[in-house]
Amino acid sequence: MLDEIKLLLEELDSDKRHMLPTTFYNEGWLLRVILHWFYQNQVSGHLLFFLPGVDWYSEGLLLS
């Protein structure tokens, strides 16, 4: 799991990131770690199961 967290943090500096770089300082980033784990491990039948071919985003950006 530590390798997965390291990968998420390394992705913050690329266009393949799943969260904003400033999110690291927000307590909600742990949810992103959990979503990423379920996305990578595909636990069939679990509430957080991702269908094949879909991507995930932790939150939407609302333009003001």
In a check of side-chain contact (heavy atoms from CB on, under 4.5 Å) between Asn41 and each of Trp37, Tyr39, Phe38, which one passes? Trp37
Do you know which of Asp13, Asp15, Leu7 makes side-chain contact (heavy atoms from CB on, under 4.5 Å) with Glu11? Leu7
Taking everything shown except Asp55 itself, do over 12 heavy atoms lie less than 6.0 Å from its CG? yes
[atom2] on [Y] to [atom1] on [X], rounded to 0.5 Å:
X     : Y     : atom1 : atom2 : answer
Glu10 : Asp3  : CD    : CG    : 9.5 Å
Trp56 : Phe50 : CH2   : CZ    : 7.0 Å
Ile34 : Leu48 : CD1   : CG    : 8.0 Å

Chi angles and distances behind the side chain to side chain contact (heavy atoms under 4.5 Å, CB included) call for Phe49, Val43: CA-CA 6 Å; Phe49 175 72; Val43 180; 5.7 Å; no
